[in-house]
K.L.:
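Attaching a single structure in structure tokens format; questions to follow.
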Amino acid sequence: MKKKKSLGQHFLRDDDVCFQIANLLVFDESSPNLVEIGPGEGVLTKHLLEHNWNLKLIEKDDRLPKLLIKKYPQLEDKIIHQDVLKLDWTTIFEGEFAVIGNYPYNISSQILFKIIEHRDRVTYMAGMFQKEVAQRICASASTKQYGVLTVLTQLYFDTEYCLDVPAHAFDPPPKVVSGVMKMKRHHRFENEVEYEAFRRLVKTAFLHRRKKLSNTLSVYNINWSELPEGFADKRADHLSVEDYIMLYKLIENMSVF
Ligand code: SAH
């Protein structure tokens, strides 16, 4: 089958990597509902079918649902033939679910933001992105990968980088190295911040990641003396998620929003 570049189609041909990804969620049995985004020709799906998941697939390519059902007849009625970004995620399952996939890299961030938006339903996520994106999601503060995507994801999920996958494991090989990661919903910061306002704060801080916070956040009119010593001189990538929450609360108290 001819691969469509517009759909980010790089099909995995390394069965061992598929096996490893499929097994990342195996022990997380609290949520038997699992959705695979972008199953392609079903190389990862094959391994998922060996577990007791209540599985659904979301695939945009018109040619693939028929091919998948032919290969795996038990998938009849399990395939949602739609664009994952246009789909209303509340219709996938009644309750909570986990998400898995060798994702289309051209829409990686949008998929992640969908997961964050539906954080009340999504318990786990595992899968493959371009390595740089997977590293950003799992980064620690004060590293060059640490950014908006990191802080917003880790506000709700514990993340873990799992393994690199070389380009030759795919057909056709992508131009980049890939990375497998997983994440699990946590509730440590539940109700601490209002997501949209928090997102605006973090985005503003990272607009100029080399500048001091006292400069980048000047629009917020912060009383820096209420924060720990040296805070104003820090840069966006120095702050942990907890630091951002502390900052947020201070601003909220000053009713700038
Ligand atoms: N999981 C397969 C395919 C990965 S390629 C494998 O590992 O071999 C990415 C897959 O995502 C392709 O099947 C592509 O058709 C699908 N896809 C791309 N954009 C999509 C979208 N917006 N919604 C749903 N599926 C999409």
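Atoms within each ligand, like the ligands themselves, are counted from 1 in listed order. Residues: numbered from 1 along the sequence shown.
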K.L.:
Check side chain to side chain donor-acceptor pair (under 3.5 Å) between E229 and all other residues, then give those that pass, not counting sequence neighbours.
P.N.:
none
K.L.:
For residues 106-118, pull every pair meeting side-chain hydrogen bond (donor to acceptor under 3.5 Å, both in side chains), keeping only residues two or more places apart or in separate chains.
P.N.:
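Matches after skipping sequence neighbours: none remain.
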K.L.:
Tell me, please, which residues at least two apart from Q20 pass side chain to side chain donor-acceptor pair (under 3.5 Å).
P.N.:
D16
K.L.:
Under the criterion side chain to side chain contact (heavy atoms under 4.5 Å, CB included), I'd like the reasoning laid out for D237 against F206: C-alpha separation, chi angles, the key distance, then a yes or no.
P.N.:
CA-CA 8 Å; D237 56 335; F206 276 100; 4.1 Å; yes
K.L.:
Apply side chain to side chain contact (heavy atoms under 4.5 Å, CB included) to the pair D15 and V43, showing each step before the final yes or no.
P.N.:
CA-CA 7 Å; D15 196 47; V43 285; 5.7 Å; no
K.L.:
Does one hydrophobic cluster hold both F129 and I116, with members joined at side-chain heavy-atom distances below 4.5 Å?
P.N.:
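In one cluster: yes.
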K.L.:
Name the residues in contact with ligand 1, where contact means a heavy atom under 4.0 Å away: which are they?
P.N.:
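Only L7, G8, Q9, H10, F11, L12, E36, G38, P39, G40, V43, I58, E59, K60, D61, L64, Q82, D83, V84, N102, P104, I107 have heavy atoms that fall under 4.0 Å of ligand 1, ordered by chain and number.
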